Amino acid sequence: MLQKAVASAVVVVLAGLGPVAAPAAAHAKLQRAAPAPGAMMREAPRVVRVWFVLAPGEDLDAARSRLVVIDSRGRRVDDGKGGVDLDDLDRRSMIARLHPLAPGTYTVQWTAVSAPDGDVARGAFRFTVAAAGGAALPPLAIVSPRNGAVVANPVVVVIETPADLRRMTMGAAPAGGGHAMGAAQMTPSPGGAAMPQVHLHVAVGRRVEMPTMKHLRPAGRHRWSHVLSPLPAGRHTIRVYWGDDRTHEPVGRVVAATVTVRR
């Protein structure tokens, strides 16, 4: 009888506790990287390093975590051994050693597997290496509207760029901090040649718009949308480019799309 009474009491106590929640899965989260996401570099890095935030008691699974760096054509530019940095006793960082890099934009892809629970997290970011003696300007692309599209007002332009637009739009703060200025002031090169001061321009015919971050909305990874002022019915060519801070002339490549605005 005593055993039955004890068992019944245990059941009542457990029932009073309600359902016991299982521990929540905790995926690794990117904390920082070198080069930093969106960085524009005058000298090509020799290694890429990434650091992660993990749940207490977890570290990165060295057997399954990977770090890969590819060029704009999808070719690997690392030594094929990128992964957990075994010199990091906390096992919370990864490293990839690079072959000599030509000027261009590179994509870092990471797969972080947490141990011991095996949760998998993935992500990617880009950095740009400048041409020798030239400006380290990140690429621009018009995702939409597509060339030849028929559209209605208001026309929404979606721009893709790995650039940090917080520093490359009108009213952005200088890269070194301080007061806001008309455009981003880029860091001088080691040889002393100043990088151009540029900011984003969106032009239709003779009309030029220079959006600030207040006019841009996130539209996906490395993508931003900007609503154009109403356009007359007919054909128009939309141009997107980095413009000089003082002259507003294009610096680097201009990307364009020709559309027809419906009546």
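Side chains are part of it too, since the values below use all heavy atoms of this structure and drop only hydrogens, waters and symmetry mates. Quantities reported herein were computed from a predicted structural model and do not represent experimental measurements.
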What's the spacing between [X] [atom1] and [Y] [atom2] if we round to 0.5 Å?
{"X": "Phe52", "Y": "Leu30", "atom1": "CZ", "atom2": "CG", "answer": "5.5 Å"}
{"X": "Ile95", "Y": "Lys81", "atom1": "CD1", "atom2": "NZ", "answer": "12.5 Å"}
{"X": "Asp117", "Y": "Glu58", "atom1": "CG", "atom2": "CD", "answer": "4.0 Å"}
{"X": "Arg239", "Y": "Ile142", "atom1": "CZ", "atom2": "CD1", "answer": "10.0 Å"}
{"X": "Arg122", "Y": "Arg66", "atom1": "CZ", "atom2": "CZ", "answer": "11.5 Å"}
{"X": "Ser114", "Y": "Lys29", "atom1": "OG", "atom2": "NZ", "answer": "11.0 Å"}

Q) How are the rings of His248 and His199 set to each other: parallel, tilted or perpendicular (split at 30° and 60°)? A) perpendicular
Donor-acceptor contact present, side-chain [X] to main-chain [Y], <3.5 Å:
{"X": "Arg206", "Y": "Ala203", "result": "no"}
{"X": "Arg262", "Y": "Ala233", "result": "no"}
{"X": "Asp59", "Y": "Arg92", "result": "no"}
{"X": "His236", "Y": "Thr258", "result": "no"}
{"X": "Arg75", "Y": "Ser72", "result": "no"}
{"X": "Arg146", "Y": "Val143", "result": "no"}
{"X": "Thr161", "Y": "Pro139", "result": "yes"}

Q | side chain to side chain contact (heavy atoms under 4.5 Å, CB included) partner of Val113, the single match among Asp119, Val84, Asp61, Leu60 | A | Asp61
(Q) Using the salt bridge (Lys or Arg N to Asp or Glu O under 4.0 Å) criterion, which residues pair with Arg97? Sequence neighbours excluded. (A) none
I'd like to know if [Y] and [X] are part of one continuous hydrophobic network [Ile/Leu/Val/Met/Phe/Trp/Tyr, side-chain heavy atoms within less than 4.5 Å].
{"X": "Ile70", "Y": "Phe127", "result": "no"}
{"X": "Met213", "Y": "Val227", "result": "no"}
{"X": "Val108", "Y": "Leu98", "result": "yes"}
{"X": "Val155", "Y": "Val204", "result": "yes"}
{"X": "Val254", "Y": "Val208", "result": "yes"}

Q: Dump the intermediate steps for side chain to side chain contact (heavy atoms under 4.5 Å, CB included) on Asp85 and Met94, then the final yes or no.
A: CA-CA 5 Å; Asp85 184 357; Met94 288 195 277; 5.9 Å; no
Minimum heavy-atom distance between [X] and [Y], given as atom pair plus value:
{"X": "Ser225", "Y": "Val156", "value": "CB-CG1, 3.9 Å"}
{"X": "Ala163", "Y": "Met168", "value": "CB-SD, 3.8 Å"}
{"X": "Thr169", "Y": "Pro211", "value": "CB-O, 3.5 Å"}
{"X": "Ser93", "Y": "Trp51", "value": "CB-CD1, 3.5 Å"}
{"X": "Ala121", "Y": "His27", "value": "CB-CB, 4.1 Å"}
{"X": "Ala33", "Y": "Phe125", "value": "CB-CZ, 3.5 Å"}

Q | Test side chain to side chain contact (heavy atoms under 4.5 Å, CB included) applied to Leu200 and Trp224, step by step | A | CA-CA 12 Å; Leu200 183 67; Trp224 301 85; over 6 Å; no
Q | Derivation and outcome, side chain to side chain contact (heavy atoms under 4.5 Å, CB included), residues Leu86 and Arg91 | A | CA-CA 7 Å; Leu86 300 181; Arg91 296 291 194 270; 3.9 Å; yes
[X] side chain near [Y] side chain, heavy-atom distance below 4.5 Å:
{"X": "Asp78", "Y": "Leu67", "value": "no"}
{"X": "Leu140", "Y": "Arg253", "value": "no"}
{"X": "Pro35", "Y": "Val48", "value": "yes"}
{"X": "Pro138", "Y": "Trp242", "value": "yes"}
{"X": "Pro45", "Y": "Leu101", "value": "yes"}

(Q) Working note: Thr128 + Thr105, criterion side chain to side chain donor-acceptor pair (under 3.5 Å); need CA distance, chi angles, decisive distance, verdict. (A) CA-CA 4 Å; Thr128 300; Thr105 298; 3.1 Å; yes
Q: Using a cut-off of 6.0 Å, state whether more than 12 heavy atoms not belonging to Arg207 lie near its atom CZ.
A: yes
Q.
Between Val151 and Leu231, does the side chain to side chain contact (heavy atoms under 4.5 Å, CB included) criterion hold? Intermediate values first, please.
A. CA-CA 10 Å; Val151 297; Leu231 297 172; over 6 Å; no
